[in-house]
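In what follows, every chain begins at residue 1, and chains take the letters A, B, ... in the order their sequences are listed.
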2 protein chains.
Amino acid sequence: MTVVKNAVESAAEAETAALLIRRTGARATPARVRVLRLLRMVPAALTHHEIEQAIGDLPVDRVTLYRVLDWLVESGLAHRNADAQRVFRFSAAAIGEHSAHTHFRCENCGRVFCLDAAPPAPPSLPEGFSLSHLELDLRGRCAGCTGEHR
Amino acid sequence: MTVVKNAVESAAEAETAALLIRRTGARATPARVRVLRLLRMVPAALTHHEIEQAIGDLPVDRVTLYRVLDWLVESGLAHRNADAQRVFRFSAAAIGEHSAHTHFRCENCGRVFCLDAAPPAPPSLPEGFSLSHLELDLRGRCAGCTGEHR
DNA sequence: CCATCCGGCGCAACTCTGTTGCATCTGGCA
DNA sequence: TGCCAGATGCAACAGAGTTGCGCCGGATGG
């Protein structure tokens with residue numbers, strides 16, 4: 001039954017994704033819809049590789065995936081961040097977008113989670129500096145890894 | 001005269017660097033001393049490339065530089081962070097080390113500055129998550145770029 | 001209904017950053 | 001001074017991301 005439920009949810013999510021894409025004036029291609037849908041359903045920042053895996057069946061060309069991701073970021077539908085291993089990670093952008101973001105990176109499994117935590121008050125900057133974005137980066141162990149072997 | 005002053009300062013800084021290195025029990029080789037001295041004199045997080053440039057005369061082998069940097073990080077004398085362009089940036093570690101860090105990245109010139117700003121209070125995490133490091137990442141315009149063309 | 005056009009796709013080749021293997025050299029101690 | 005584990009230098013490799021270019025397929029106009 002979960003299968004049926006997921007299938008229904010998937011279809012609905014795919015619709016939403018396609019809508020968001022068309023709203024930008026661009027074509028809602030299968031690759032774009034599938035990637036955006038995936039990002040919007042996963043509460044984590046995924047790498048190009050993880051997305052490639054997750055999309056699984058009907059594989060998308062490596063380059064196409066990069067281009068889709070670039071496009072999503074440019075259109076404001078997704079965020080891009082380099083993780084500690086210097087690999088880009090992508091996450092869906094919230095609808096009413098904010099300029100602050102909080103990530104939690106698990107030091108055991110390497111996964112990155114997007115948190116909704118309220119951004120901290122920006123610290124005072126040196127003379128002449130002006131702030132436009134703020135990002136809080138947390139590291140530690142995620143729920144799944146707590147209590148596991150080192 | 002600034003030249004003379006800088007030369008004197010450099011020598012003193014080199015001594016300090018060598019001392020810090022020997023204190024870890026390792027050999028104070030020229031490459032290590034030069035890199036650590038540079039990092040300690042620059043209030044910014046530099047890339048491998050920038051360090052290579054800055055060291056200029058008496059060029060250091062690419063690989064050696066990577067190894068020196070790795071060693072500095074392992075010894076706790078430096079920090080490594082992947083920047084937005086997914087390039088590692090290195091900065092000197094403060095002597096009494098902390099597990100929180102604040103960076104300011106200029107969106108115009110790309111430079112990264114290490115700030116001393118007090119770390120914000122960590123937000124509440126989802127059940128099962130535990131925190132070990134915290135890092136605040138700011139983006140905007142640095143003093144040098146404020147008022148410049150886009 | 002067909003011709004055309006343009007955005008998006010796939011392949012291949014490339015760049016850039018960082019890593020590994022191995023032979024050679026050297027700082028600092030006996 | 002002589003030794004040798006630890007550093008260095010060279011070359012070759014690996015992973016992530018980018019660029020160039022031809023092709024296809026959906027939209028558009030006649």
Within this structure, what is the CG-to-P distance between D83(A) and dA16(D), rounded to whole angstrom?
-> 10 Å
Hydrophobic cluster identity match, V87(A) and V68(A), side-chain contacts under 4.5 Å | no
With sequence neighbours excluded, residues passing ring-ring contact (aromatic ring centres under 6.0 Å, His included) with F88(B) = none
Would you call the rings of F113(B) and F129(A) parallel, tilted or perpendicular, where under 30° means parallel and over 60° means perpendicular?
-> perpendicular
Nearest-Å distance for atom pair CG/P, residues L72(B) and dG6(D) | 18 Å
Backbone N or O of A12(A) within a donor-acceptor pair of the T16(A) side chain at under 3.5 Å?
-> yes
Find the distance I21(A):CD1 to dG8(C):P and express it as a whole number of Å.
-> 11 Å
Distances under 3.5 Å only, N/O to N/O: pair up the protein atoms with those of nucleotides 22-28 of chain D.
none

What closest approach, in Å, do R89(A) and A45(A) show between heavy atoms, and which atom pair accounts for it?
-> NH1-O, 2.7 Å
Residue T64(B), side-chain atoms from C-beta onward, closest of dG10(C), dG9(D), dG28(C) = dG9(D)
Would you find a donor on one side and an acceptor on the other, under 3.5 Å apart, between the side chain of R32(B) and the backbone of R27(B)?
-> yes
L69(B) has an atom CG; how far is it from atom P of dT8(D), in whole Å?
-> 11 Å
Just how far, in rounded Å, is P of dT8(D) from CG of L58(B)?
-> 13 Å
Just by modelled atom types, is the C106(A) backbone N or O under 3.5 Å from a matching donor or acceptor in the R141(A) side chain?
-> no
Ignoring backbone atoms, test whether T29(A) places a side-chain nitrogen or oxygen under 4.0 Å from the OP1 or OP2 oxygen of dG8(C).
-> no
Provide, to the nearest angstrom, the distance between the CD1 atom belonging to I55(A) and the P atom belonging to dC9(C).
-> 11 Å
F90(A) and H79(A) aromatic centres sub-6.0 Å | no
A28(B) side chain, from C-beta outward: closest of dT8(D), dA7(D), dG28(C) = dG28(C)
The answer to which of P30(B) and P59(A) contacts DNA chain C further toward the 5' end, by nearest nucleotide, is P59(A)
Hey, does the side chain of T64(A) reach the backbone of V60(A) with a donor-acceptor pair shorter than 3.5 angstrom?
-> no
Rounded distance in Å - CD (E50(A)) to P (dA16(D)) = 11 Å
Nearest whole angstrom, please: distance from the C1' of dA7(D) to the CG of L65(B).
-> 14 Å
Treat primed atoms plus P, OP1 and OP2 as sugar-phosphate and everything else as base, then score nucleotides 16-24 of chain C 5' to 3': B for base contact with protein heavy atoms under 4.0 Å, S for sugar-phosphate contact only, - for none.
-> -BBBBB---
